[in-house]
Amino acid sequence: MAKDKLYIFDTTLRDGEQSPGVNLTANEKVEIAKLLSKMGVDICEAGFPMSSDGDFEGVQRIAKEVGPLMDGREKIGKPMVICGLSRATKGDIQRTYDAVKYAPLHRIHIFLATSDIHLEYKLKIDRAECVRRAVEAVAFAKTLCDNIEFSPEDAARSDKTFLCEILGKVIEAGATTLNIPDTVGICVPEEYGALFKYLRENTPGSDKAIWSAHCQNDLGLATANTLAAISNGVRQVEVTINGIGERAGNTSLEEVIMALYTHPDHYPVYNDIETTHIYRISQIVIQRSGMPVQPNKAIVGVNAFAHESGIHQDGVLKNKLTYEIIAPELVGVPSNNLVLGKHSGRNALKNKLEDLGIELSDVEFQKFFLRFKKLTDAKKTITEQDILALAGDEVINQDSLETYKIQNILITTGSDVLSTATVTLVDTSSPAEESEGEDEEHKKSEGKVLVDAAIGHGPIQAAYYAINRLIGRNISLKQFEIQSVGAGDDALGKVFVRISQDAEDKESKSKQFAGHGTHNDIIQASVKAYVNAINRMIEVERKN
Ligand code: KIV
């Protein structure tokens with residue numbers, strides 16, 4: 001059977017970034033986009049340029065720095081298409097074009113709601129006006145660029161005959177991809193598949209465009225719906241790493257890719273994703289977004305390849321095929337074996353980083369080597385998982401995320417007593433104070449040194465209260481999660497937090513910010529995560 005190419009459209013940096021608390025810096029977006037490109041993603045939706053200056057900068061940098069890259073794409077033969085999302089207005093479309101135009105291959109993705117509920121209550125327009133706006137927007141975008149995607153938002157709840165009408169008109173105006181979003185995640189697979197069959201059969205000019213699926217996961221059916229869409233003629237799927245996205249998230253890239261991989265005869269499509277990159281990029285997205293995946297998450301959760309029961313373990317030992325449908329190596333899950341130790345030098349670490357596909361500049365490597373050496377003092381066996389966790393924690397140039405640097409933490413704690421934390425931070429946005437120069441410790445400081453102490457019910461609360469006092473803000477902790485990297489009493493601890501600044505107006509809901517920290521001491525990991533979230537909050541304030 002001749003197979004069609006299935007285009008993989010990754011929207012981790014746009015729809016994924018719309019997850020509560022996720023605020024990626026432009027550096028992080030570029031880092032993730034590079035990994036997506038190398039993995040073989042065809043189209044990267046890099047952001048929504050009109051939504052903020054920060055988003056515009058991120059998309060523009062990706063277009064310039066990642067758009068031309070061919071590394072790892074020799075088989076595909078062309079660089080990744082860089083796409084920006086846009087509302088159906090000239091101002092939005094122009095701004096999107098100004099951000100994506102630097103990429104050799106670029107796309108403008110226009111969306112406009114088509115369901116009666118959105119037309120009546122959100123847009124307050126009728127269907128005729130909706131068609132007029134869609135056609136005008138696509139025609140204008142076409143004057144700027146050839147590659148235009150149109151999404152009728154809330155398509156799954158829109159009237160089917162109206163969809164055929166508007167889609168036929170936007171094809172005529174120049175749309176090259178038609179994306180049919182299940183915006184509220186309400187569809188079941190048979191229904192979503194049938195929608196594509198109907199639209200493809202009844203939309204004038206339907207064979208001139210590529211049909212695309214975009215599913216939200218509100219009913220946990222995003223992957224199943226996406227597969228049903230492929231069976232009904234869809235040749236582009238919109239996905240995110242780890243399935244991150246608004247509410248319950250989007251279709252996850254790794255699930256769709258591995259479902260297709262394990263069923264080569266079932267779907268008449270092929271794709272160009274290099275599956276061995278999946279685990280690593282999943283880990284980077286976890287760290288940068290501050291959104292851990294649940295242990296039983298398909299493909300990338302810590303339990304995805306763990307066999308617990310005796311019968312299963314016995315079967316796997318005799319033959320892995322008894323209980324394993326995917327070899328962990330196929331998705332790049334690193335081994336848990338000792339790989340490096342106290343005596344490993346720079347070369348051994350460099351080689352291991354290379355094996356794991358981690359690329360560092362010389363400056364980043366020096367910093368990483370010091371961190372690695374520190375870890376070997378506390379942990380005898382350094383595994384690939386540890387190296388990936390450290391790499392995800394702090395490697396890329398994070399200067400913009402270091403308004404506050406942790407200099408020291410002193411904790412006193414015990415049973416039946418309040419804990420006390422004394423925290424020293426350096427505020428790199430303020431100059432070091434004159435008098436500080438007399439003291440050797442302060443002389444080296446990159447900013448104003450701040451010291452304060454607080455008490456709390458436990459060391460972490462005490463440390464967080466001390467930090468709130470130091471920075472003079474009322475920060476609330478919304479979520480706290482701790483995971484260990486591998487096993488053993490010397491395992492690294494990974495902490496994820498979500499914070500918000502208490503709104504002055506008690507009624508208003510304040511924005512959340514995620515942060516993460518990895519350390520072999522879980523209190524230090526907790527403080528790193530909290531300070532990381534605060535620094536992200538400040539970065540967003542600065543950009544807006
Ligand atoms: O869910 C949705 O409707 C979207 C569109 C903008 C594609 O994200």
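Both ligands and their constituent atoms are indexed starting at 1 by order of listing.
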**Message:** To check you understand the geometry: which heavy-atom pair defines the closest contact between I286 and P292, and what is its length?
**Reply:** CG2-CA, 3.8 Å
**Considering all heavy atoms, the nearest L36-D10 contact** =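 Heavy-atom minimum between the residues: CD1-OD1, 3.4 Å.
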**Fill in**
Atoms of ligand 1 under 4.0 Å from any heavy atom of P181, numbered from 1 in the order shown, are 2 (C), 3 (O)
**Message:** Which of the numbered atoms in ligand 1 are under 4.0 angstrom from any heavy atom belonging to E153?
**Reply:**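 Here the atoms of ligand 1 in question are 3 (O).
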Judging by distance only, is a nitrogen or oxygen of [X] under 3.5 angstrom from one on ligand 1?
X    : value
Q216 : yes
R14  : yes
D15  : yes
E238 : no
T183 : yes

**Asked** Between S158 (side chain) and L163 (backbone), is there a donor-acceptor pair under 3.5 Å?
**Response** no
**Item:** Between T183 and D154: side-chain donor-acceptor atoms closer than 3.5 Å
**Value:**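 Looking only at side-chain atoms, D154 and T183 do not form any donor-acceptor pair under 3.5 Å.
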**Prompt:** Under 3.5 Å, is there a donor-acceptor pair linking the side chains of N250 and Q216?
**Reply:**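 Their side chains do contain a donor-acceptor pair, which is all the 3.5 Å distance test asks for.
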**Part of N179 within contact of ligand 1 (heavy atoms, under 4.0 Å)** =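 Looking at N179 and ligand 1, just side chain atoms fall under 4.0 Å.
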**Request:** Around atom 4 (C) of ligand 1, find the nearest protein heavy atom and jot down its residue, atom name and distance.
**Result:** H214 NE2, 3.6 Å
**Mutual orientation of the aromatic rings belonging to F496 and H516 [parallel < 30°, tilted 30-60°, perpendicular > 60°]** = tilted
**Item:** E45 CD to E149 CD distance, which is reported to the nearest 0.5 Å
**Value:**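 If we round to the nearest 0.5 Å, E45:CD and E149:CD are 7.0 Å apart.
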